[in-house]
Amino acid sequence: MSQAQNILILGAGGQVGTELRRSFANAGEVTAFGRETADLSRPEELRSLIRQLHPDVILNAAAYTAVDRAESEPELALTINGEAPRILAEEAASSNALLVHYSTDYVFDGSKRSPWEEADETNPLNVYGRTKLAGERAIQEVGGRYLIFRTSWVYGPHGRNFLLTMRRLGRERDQLKIVDDQFGAPTSSAAIADATRAAVERAGADWTTHSGVYHMTCGGETTWFGFAKEIFAEQEQQTESKSPQIIPIPSSEYPVPAMRPTNSVLSNQKLQSFFGIALPDWQRALVKTMMALKPEGGIPTGSRIR
Ligand SMILES: NC(=O)c1ccc[n+]([C@@H]2O[C@H](COP(=O)([O-])OP(=O)(O)OC[C@H]3O[C@@H](n4cnc5c(N)ncnc54)[C@H](OP(=O)(O)O)[C@@H]3O)[C@@H](O)[C@H]2O)c1
């Protein structure tokens with residue numbers, strides 16, 4: 001971003017949205033909207049909002065992210081994850097703005113033994129994954145300038161996520177059973193936001209070669225059990241608090257409405273070679289996030305949500 005930009009953040013109160021506000025705070029004129037002002041379940045209403053603001057960059061961190069609930073609300077999930085991105089893409093294309101959008105490792109069925117690449121065949125196992133894939137396709141059909149970042153296992157200091165759930169359960173229980181047969185890469189919301197800013201800057205004016213789908217996750221891989229083990233080890237290190245006993249279990253012992261892929265580790269090679277960007281390994285990002293976590297909460301953000 002060579003000159004001051006007009007930047008619109010949607011889903012501004014979510015995990016990634018909150019970190020985008022921090023990361024883009026000094027990148028230009030930032031307007032950050034939550035659901036109250038920009039409701040993606042009413043996609044047509046987004047048009048006038050965008051036309052009023054005339055953003056150079058739209059960062060869409062809003063999504064229907066309740067993976068299990070989506071199984072019983074497929075239409076709402078499709079409106080928010082599939083239809084709204086099409087409207088955003090159309091509005092972006094008509095004013096030559098850049099649309100940055102996030103998608104998910106759950107577009108894959110988990111059957112591959114090595115990390116998934118962008119060009120691999122998608123085959124979502126659940127409603128959430130299907131609606132996110134619909135959003136990707138809609139943006140690609142519209143064309144224009146866009147970046148779709150597929151990420152995975154997002155956590156951070158805000159919202160609902162595995163890290164905060166483990167911290168709470170660790171205080172409440174002596175023993176936790178955690179799924180140990182799904183492989184992925186925990187990715188911090190801060191790392192996603194910082195990588196997004198770097199990508200937007202590095203792409204510069206060269207959008208014809210840069211528009212596309214990119215995987216964007218922290219390095220390495222683990223299971224939910226491995227993630228939990230690392231969380232409690234780090235917590236013990238930081239606070240000398242006692243950890244609960246954690247027991248690895250197969251997914252079959254933890255039934256949930258939505259099926260999850262067995263292997264959803266994504267290859268980040270394309271992000272590295274097109275943008276020279278590599279997110280930190282998941283353990284490093286976790287330590288950084290936990291160091292910054294204060295019980296009384298709150299990280300500084302660069303703009304207010306309207
Ligand atoms: N979380 C993950 O593990 C994960 C994994 C892979 C990919 N992703 C993708 O990464 C992106 C960011 O996710 P995240 O982790 O930051 O999710 P998040 O914390 O759940 O945030 C999603 C945001 O979207 C907002 N939202 C939901 N429905 C909306 C609506 N109808 N209109 C406007 N806003 C609405 C939510 O608002 P409320 O707070 O009011 O509900 C929330 O602020 C999403 O595209 C997601 O699909 C996430």
Side-chain angles (χ1 to χ4, degrees), residues 8-23 32-46 49-50 58-70 73 75-85 87-88 99-108 110 116 124 126-136 138-139 146-165 182 184-193 195-196 213-218 224 227 258 260-261 264-266 279 282 285 289 301 305-306:
L8 171 61
I9 300 175
L10 301 176
Q15 300 190 80
V16 172
T18 299
E19 293 294 336
L20 286 171
R21 285 187 285 135
R22 173 192 55 75
S23 200
F33 286 151
R35 180 203 292 263
E36 314 69 37
T37 314
D39 184 350
L40 272 68
S41 70
R42 297 202 294 271
E44 282 298 331
E45 293 178 13
L46 299 169
L49 203 66
I50 291 169
I58 302 170
L59 303 171
N60 179 32
Y64 185 112
T65 56
V67 175
D68 289 312
R69 191 154 27 97
E73 289 185 330
E75 284 165 15
L76 179 61
L78 184 62
T79 303
I80 296 169
N81 291 345
E83 287 173 30
I87 305 286
L88 296 178
L99 173 63
V100 177
H101 179 78
Y102 298 93
S103 188
T104 172
D105 52 337
Y106 286 3
V107 296
F108 295 116
W116 294 91
N126 55 43
V127 168
Y128 168 74
R130 283 196 286 279
T131 61
K132 292 297 292 182
L133 184 58
E136 286 188 11
I139 293 169
Y146 70 89
L147 295 171
I148 297 172
F149 295 127
R150 286 187 190 138
T151 189
S152 69
W153 297 24
V154 179
Y155 68 91
H158 310 275
R160 280 180 299 273
N161 61 60
F162 189 80
L163 166 62
L164 299 183
T165 301
Q182 292 166 23
T187 301
S188 77
S189 47
I192 294 169
T196 299
V213 177
Y214 296 85
H215 291 171
M216 179 185 273
T217 68
C218 279
W224 294 109
F227 189 16
R260 265 76 167 169
S264 69
V265 179
L266 305 180
L279 277 65
W282 71 268
T289 304
T301 55
I305 305 176
R306 285 202 251 153

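Computation of the quantities below employed the complete heavy-atom set of this structure, encompassing side-chain atoms and omitting hydrogens, waters and symmetry-equivalent molecules. Numbering of ligands and ligand atoms starts at 1, following listing order. Every value quoted in this text rests on a predicted model; they were computed, and no experiment measured them.
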* Asked: Is G13 in contact with ligand 1, taking contact as a heavy-atom separation below 4.0 Å?
  ->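 G13 counts as a contact of ligand 1 under the 4.0 Å cut-off.
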* Hey, does Y155 sit under 4.0 Å from ligand 1 if you only count heavy atoms? ->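 It does not; every heavy atom stays at 4.0 Å or beyond.
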Pick one of side chain, backbone, both or neither for how [X] approaches ligand 1, counting any non-hydrogen atom pair under 4.0 Å.
X    : result
A38  : backbone
L40  : both
V154 : both

Heavy-atom check, side chain of [X] versus side chain of [Y], under 4.5 Å:
X    : Y    : result
L49  : L8   : no
F108 : P261 : no
I192 : V154 : yes
T131 : Y64  : no
N60  : L40  : yes
T289 : P157 : yes
W116 : R150 : no

Can you figure out which of [options] has its heavy atom closest to [atom]?
atom                    : options                : value
atom 8 (N) of ligand 1  : W153, Y106, Y128, Y102 : Y128
atom 45 (O) of ligand 1 : K132, R42, R150        : K132
atom 7 (C) of ligand 1  : S103, G184, G11, G156  : S103
atom 29 (C) of ligand 1 : H158, E36, H101, R35   : R35
atom 23 (C) of ligand 1 : S41, P186, A61, G17    : A61

* Criterion side chain to side chain contact (heavy atoms under 4.5 Å, CB included) against V100, the qualifying member of L59, I9, I58 ->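 The passing option is L59.
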Based purely on interatomic distance, does [X] place a nitrogen or oxygen under 3.5 Å from a nitrogen or oxygen of ligand 1?
X    : result
Q15  : yes
D39  : yes
D105 : no
G14  : yes

* Heavy-atom donor-acceptor pair, S264 side chain to Y106 backbone, under 3.5 Å -> no
* Electrostatic pair R260-D68, nearest N-O below 4.0 angstrom -> yes
Tell me: protein heavy atom nearest [atom], and distance?
atom                    : result
atom 17 (O) of ligand 1 : T65 CG2, 3.5 Å
atom 6 (C) of ligand 1  : T151 O, 3.2 Å
atom 24 (O) of ligand 1 : A63 N, 3.1 Å

* Given the protein's heavy atoms, is any one of them under 4.0 Å from atom 26 (N) of ligand 1? ->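 So far as the 4.0 Å threshold goes, atom 26 (N) of ligand 1 is in reach of a protein heavy atom.
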* Are the aromatic rings of W224 and F162 close, with centres under 6.0 Å apart? -> yes
* Asked: If we ignore angles and hydrogens, is there a donor and acceptor under 3.5 Å between the side chains of T196 and Y102?
  ->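 T196 vs Y102: donor-acceptor pair found between side chains.
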[X] neighbourhood, listing ligand 1 atoms whose heavy-atom distance to it stays under 4.0 Å:
X    : answer
T104 : 6 (C), 7 (C)
A62  : 24 (O), 34 (N)
V16  : 12 (C), 16 (O)

* Roughly how far, to the nearest 0.5 Å, is CD1 of I148 from OG1 of T104? ->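 Taking OG1 in T104 and CD1 in I148, the distance rounds to 12.5 Å.
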